[in-house]
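Order of appearance sets the numbers: ligands from 1, and atoms from 1 within every ligand. Just so you know, residue 1 is the first one in the sequence shown, and it goes up from there.
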Amino acid sequence: MAFLEISGLRKRFGALEILKGIDLELEKGGFLVLVGPSGCGKSTLLNTIAGLEAITAGEILVDGRPIGDLHPSKRDIAMVFQSYALYPNMTVAGNMSFGMEMRGVPAEERKAAIDKVAKVLQISHLLDRKPSQLSGGQRQRVAMGRALVRDPKLFLFDEPLSNLDAKLRVDMRVEIKRLHQATGTTIVYVTHDQIEAMTLATKIAVMRDGEVQQFGTPAEIYNNPANLFVADFMGSPAMNLLQATIERGDNGSVVALDRPEGAPLKLPVGTAKGALDAYVGKPVVFGIRPEALTDPDGADRNARNVSEHACLIDVVEPAGSDTFAITKLGRKEVVARLRADASIVPGQTAQLAFNLDKAVYFDPSTQLRIA
Ligand SMILES: Nc1ncnc2c1ncn2[C@@H]1O[C@H](COP(=O)(O)OP(=O)(O)OP(=O)(O)O)[C@@H](O)[C@H]1O
Ligand SMILES: [Mg+2]
């Protein structure tokens, strides 16, 4: 049995159903990341687990025990809120110590826990300050520290790094990963940050309008998105999603993409995508991530089905470690990710390699992935 089990969870505010039957489970020591557009119900879901919101229907089990009827203080869950509140008249150390004092943790143990966590969060030099003397990012780290000094069954984090600058955010992400690996705690974590989701999660749940669109490992969600919403939502820059048609070619099915000039581009779908045979003569949405569309020398050498074609390059965007190139296919702008030193000039054609092992195909009417 999973450590955290959520089944058929519904939450209504008045007539409005905000969570519409959520099923999720997380193994002990797992790291579940919730992602989804603003307002889809991520914080509400965390709040129901913490016990701050009563549930309308369904069940939440932690370690085999239903917690729905337990008072929040009895759930042994630590939460860092999206909008956290520190005690203004207490120092940073006092804020972190308070919960432990309430639970009767001896002073020496409290100090050791605070010192350890403060070091991880890079706030050791702030322990004697009051919250009003801290920056937003520092306050956010204190709020996190307050949760981390505990040893609860479950940690809930609601966008804990959202107020931090880019550099500190990366540092903290690595620290959270290290902490999770070292302590094996079980975590449910909300973020808008794609990299955080991919690097921290053992499981990701992509939510939309109070429903889970897909629940799986980061690799499953990234490589095999269940539908167009997930494909479009996960990944930055986003997956190219192009109108296309499946046709019968001499050696199996091909996917045909309109081009602004000349005949449509035809790419072999490959034998692994047999489900597409049923779509011959029909429209599909062809999905290819920018990194699967590269300069030929940058293409994955282990890929079986790589197809090279000359494409007219509209825009070139050097981004330091990579260069992004924009071309037009399937009546849309398509982003290709090239090596930084790839020789490429806007307004001229360049040879691009399509890694079709990594391509995905969707039914435009059901929005579901076909292959
Ligand atoms: N107490 C409440 N009463 C009525 N509606 C609420 C209440 N709390 C939240 N909602 C609504 O529920 C929906 C989900 O809100 P929630 O805060 O869970 O979204 P979220 O996914 O965390 O969004 P964000 O990414 O912006 O933080 C929103 O439409 C919100 O307006
Ligand atoms: Mg929220």
Side-chain angles (χ1 to χ4, degrees), residues 4 6-26 31-60 62 67-68 71-72 75 77-86 136-137 139-144 146-147 154-166 169 172-173 176 186-201 203-216 218 221 225-236 238:
L4 170 65
I6 298 172
S7 54
L9 178 66
R10 290 176 183 274
K11 173 66 187 174
R12 236 191 313 269
F13 287 114
L16 228 61
E17 191 163 50
I18 301 298
L19 298 177
K20 302 171 183 169
I22 305 278
D23 297 306
L24 291 171
E25 54 175 49
L26 185 64
F31 199 124
L32 169 61
V33 172
L34 307 177
V35 295
S38 184
C40 71
K42 304 178 296 295
S43 295
T44 305
L45 179 55
L46 281 196
N47 289 340
T48 59
I49 300 172
L52 304 170
E53 296 285 1
I55 63 183
T56 310
E59 203 167 41
I60 305 173
V62 174
I67 58 167
H71 188 268
R75 294 190 181 194
I77 292 173
M79 177 154 174
V80 179
F81 298 92
Q82 191 167 6
S83 48
Y84 46 84
L86 301 174
R139 276 181 222 161
Q140 197 167 24
R141 279 177 283 155
V142 175
M144 237 168 120
R146 215 165 39 173
L154 195 59
F155 279 112
L156 308 176
F157 290 108
D158 199 348
E159 308 202 36
L161 308 185
S162 56
N163 285 337
L164 307 185
D165 66 44
R169 217 179 151 114
M172 292 291 298
R173 189 178 80 216
I176 291 174
T186 312
I187 298 176
V188 185
Y189 188 103
V190 174
T191 182
H192 271 102
D193 186 299
Q194 301 273 334
I195 315 251
E196 267 175 43
M198 291 299 295
T199 57
L200 292 174
K203 290 280 173 59
I204 294 178
V206 183
M207 293 177 61
R208 178 195 200 181
D209 288 343
E211 289 181 289
V212 175
Q213 296 279 307
Q214 188 172 4
F215 175 54
I221 302 254
N227 57 37
L228 279 169
F229 175 80
V230 175
D232 190 41
F233 190 79
M234 290 304 289
S236 177

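In terms of polar-atom proximity, defined here as any N/O pair under 3.5 Å, E53 makes no such contact with ligand 1. Checked by distance only, ligand 1 and L45 stay at 3.5 Å or farther apart across all their nitrogen or oxygen atoms. Checked against a 3.5 angstrom limit, the closest N/O atoms of G39 and ligand 1 fall inside it.
Put simply, atom 10 (N) of ligand 1 has protein non-hydrogen atoms near it, under 4.0 Å away. In this structure, atom 14 (C) of ligand 1 has a protein heavy-atom contact shorter than 4.0 Å.
For residue S43, an N/O/S atom approaches the Mg ion (ligand 2) to within less than 2.8 Å.
Residue T44 approaches ligand 1 through these ligand atoms, each under 4.0 Å from one of its heavy atoms: 14 (C), 15 (O), 16 (P), 18 (O).
More than 12 heavy atoms of other shown residues, nucleotides or ligands fall within 6.0 angstrom of atom CG in L52.
Here the shortest heavy-atom distance to atom 24 (P) of ligand 1, taken over G14, S38, P37, belongs to S38.
Side-chain contact annotation: Y189 with E196, donor-acceptor N/O pair under 3.5 Å present. Checking Q213 against N227 by side-chain atom types alone, a donor-acceptor pair falls below 3.5 Å. Residues D158 and S43 bring a donor and an acceptor atom of their side chains to less than 3.5 Å of each other.
Residues I77 and F155 have side chains not in contact (no heavy-atom distance under 4.5 Å, counting atoms from C-beta outward).
For the pair R173 and D193, the salt-bridge criterion is not met [side-chain N within less than 4.0 Å of a carboxylate O]. One finds a salt bridge joining K11 and E53 here, because a Lys/Arg side-chain nitrogen approaches an Asp/Glu carboxylate oxygen to under 4.0 Å.
Applying side chain to side chain contact (heavy atoms under 4.5 Å, CB included) to L19 and the options D209, T56, L45, I6 leaves one that passes, L45. Just one residue in the list I187, V190, L24 forms a side chain to side chain contact (heavy atoms under 4.5 Å, CB included) with L32, and that residue is L24.
Nearest non-hydrogen protein atom to atom 27 (O) of ligand 1 is Q82 NE2, 2.9 Å. Summary of contacts: the protein heavy atom closest to atom 25 (O) of ligand 1 is K42 NZ, 2.8 Å. Taking atom 17 (O) of ligand 1 as the reference point, the nearest protein heavy-atom neighbour is S43 CB, 3.7 Å. Among protein heavy atoms, atom 8 (N) of ligand 1 sits closest to F13 CE1, 3.5 Å.
Listed by chain and number, the residues in a side-chain contact (heavy atoms from CB on, under 4.5 Å) with D232 are A238, L241 (sequence neighbours excluded).
Only side-chain heavy atoms of I18 come within less than 4.0 Å of ligand 1; its backbone N, CA, C and O stay farther off. Within the 4.0 Å heavy-atom criterion, the part of H192 lying near ligand 1 is the side chain and not the backbone.
Within the structure, ligand 1 lacks G36 among the residues with a heavy atom less than 4.0 angstrom away.
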